[in-house]
Amino acid sequence: MMWEVKENSIPVPLQQFVNPGAIVVRSPGRINLIGEHTDYNNGFVLPAAIDKAIYIVAERAPGNLISLHAVDFNESVEVELEAIKPVPGHWSTYVLGVVDQLKKGEYAIAGFRLWIYGDVPLGAGLSSSAAVECGTAFALNELFSLHIHRTELIRISQLAEHVFAGVQCGIMDQFASMMGKKDHVIKLDCRSLDFEYFPLELPGYTIVLFDSQVKHSLASTAYNERRRECEQGVQLLQEQYPEVKSLRDATVSMIEDSIDSNHIIYNRCKYVVEENDRVLGGCNDLLNGNLEAFGKKMFASHKGLSEMYGVSCRELDLLVKTAGSMPAVIGSRMMGGGFGGCTINIIKEEMVNEVAQKTGEQYHTTLQKELKTYTVEIENGTSLINQ
């Protein structure tokens, strides 16, 4: 069941758990306008936090007992602080992974109770896991007065996903969730973590997500496989260009010099280098108010993700092709890790319903699948909710 919430209001399902001394945190999901699978290659991305979020209520508890409750699933987990361990595929893994990192950092934490609720669609590529991790890290930082800087909370959240969830994700999802700014996108340099906010002005247009209803798991072997393939590409590049430490340092001409064009590694590396260029060019498009040029880069991004990086699927390809056939859609591409989830589309406001209807009909006729749509707005990152 979905509840109507506002950024600084406590969702109805959580209100009964808010006792004196409790911390209430909102931690958003994210979209990524352009720059996919570039983050773990030390490249550039252009994400934003959205108006769909994970909400957490946390309070201290005696002793070292951790009590977790997911309101959405009506599930509870209790574990002693010294006995935490991952439960693969279970929501508690993302919370306990953060606790594990705080313990390893020798931060002074103890027992606590935590309730969690969210309206981020699961499996849609909106990074609900990163929102849980960032929300947990932020809440425990406040609850135990740990005085950890936001950038360190981001790192802790990323390592939680690496160690407990087993996904070698880049920094983008956690960074966007923690550092989002209302009505702005973030140009993030994933090597230095330097970042810049760009106003996202879409006069007459709306960002709409088409949910393929194909559920994916970033813990699947394919995600980590792409990362290994990129690392192999760097090793091949270094034979001629030892200065290349990651694909961030490479150019297309370097790839053409170093890697057989018939080899799959060639496609993986070339996509990443070209995608980085699209992010930088897309930022200039936004500064110049050239949404049409930006949209063309989104289409090019999807083509690369599908044909060169191999992380799309027939459902996502159909959604982009269908949307792209309509003049009201100026940009469309798959978003997230791939193999399902959402496409992100920039659509003329007055045509949103018509585009969604036609796309949904084509999707159902061709694949006998139902399409869900979400309209999203750009919101602030992880923050306390005033009680």
Quiz item: For the salt bridge (charged side-chain N to carboxylate O under 4.0 Å, His left out) test, which of K52, R26, K182 pairs with E379?
Solution: K182
Self-check item: Set of residues satisfying side-chain hydrogen bond (donor to acceptor under 3.5 Å, both in side chains) with respect to D249, sequence neighbours excluded
Solution: R191
Quiz item: Sub-3.5 Å donor-acceptor pair from the side chain of Q238 to the main-chain atoms of V244, do we have one?
Solution: yes
Self-check item: Atom of I56, atom of T136 and distance for their closest heavy-atom approach
Solution: CD1-N, 3.4 Å
Quiz item: Of the options P28, S157, S129, which is the one that meets C134 in a side chain to side chain contact (heavy atoms under 4.5 Å, CB included)?
Solution: S157
Quiz item: Hey, are E75 and W91 close enough side-chain-wise for a donor-acceptor pair under 3.5 Å?
Solution: yes
Quiz item: Quick one: CE on M335 to NE2 on H302, what's the gap to the nearest 0.5 Å?
Solution: 13.0 Å
Self-check item: Donor on one side chain, acceptor on other, N64 and E80, under 3.5 Å
Solution: no
Practice problem: Give the C-alpha distance, both sets of side-chain angles, the deciding distance and a yes or no for ring pair (Phe, Tyr, Trp, His ring centres under 6.0 Å) between F164 and Y94. | Solution: CA-CA 7 Å; F164 259 44; Y94 302 105; 9.9 Å; no
Quiz item: Any luck finding a side-chain donor-acceptor pair between S177 and S27 under 3.5 Å?
Solution: yes
Quiz item: Looking only at heavy atoms, which two atoms of N141 and H147 are closest? And how far apart?
Solution: OD1-N, 3.2 Å
Quiz item: Is there side-chain contact between R333 and T343, with at least one heavy-atom pair below 4.5 Å?
Solution: no
Practice problem: Could you tell me whether the side chain of L68 reaches within less than 4.5 Å of the side chain of I66, counting heavy atoms only? | Solution: yes
Quiz item: How close do W115 and E59 get, heavy atom to heavy atom, and via which atoms?
Solution: CH2-OE2, 3.5 Å
Self-check item: Distance-only side-chain donor-acceptor flag, Q357 / E361, under 3.5 Å
Solution: yes
Practice problem: Assert yes or no for the condition that the ring centre distance of Y107 to F144 is strictly below 6.0 Å. | Solution: no
Exercise. Nearest 0.5 Å please: distance from the CG atom of N32 over to the CG atom of D39.
Key: 8.0 Å
Self-check item: Taking every non-hydrogen atom, the tightest pair across F299 and I330
Solution: CE1-O, 3.5 Å
Quiz item: Can you name the nearest heavy-atom pair linking I171 to Q158, along with the distance?
Solution: CD1-OE1, 3.1 Å
Quiz item: Under 3.5 Å, side chain of E315 to main-chain N/O of V214, donor-acceptor pair present?
Solution: no
Exercise. Look at the aromatic rings of H37 and Y309 and report parallel, tilted or perpendicular, splitting at 30° and 60°.
Key: tilted
Quiz prompt | Ring-face cation of K181 near Y197 (centre distance under 6.0 Å, axis angle within 45°) | solution = yes
Quiz item: Quick one: does N345's side chain get under 4.5 Å of F210's, heavy atoms only?
Solution: yes
Quiz prompt | Within residues 258-267 or reaching into it, pairs that qualify as side chain to side chain donor-acceptor pair (under 3.5 Å) - sequence neighbours excluded | solution = none
Quiz item: Q174 and E161: which non-hydrogen atoms are nearest, and at how many Å?
Solution: NE2-OE1, 3.9 Å
Quiz prompt | Contacts of type side-chain hydrogen bond (donor to acceptor under 3.5 Å, both in side chains), residue E229, not counting sequence neighbours | solution = R268
Practice problem: Answer yes or no: are there more than 12 heavy-atom neighbours, outside E243 itself, under 6.0 Å from its atom CD? | Solution: yes
Quiz item: Do I347 and T206 have side-chain heavy atoms sitting under 4.5 Å apart?
Solution: no
Quiz item: Is F339 close to V311 at the side-chain level, that is, under 4.5 Å between some pair of heavy atoms?
Solution: yes
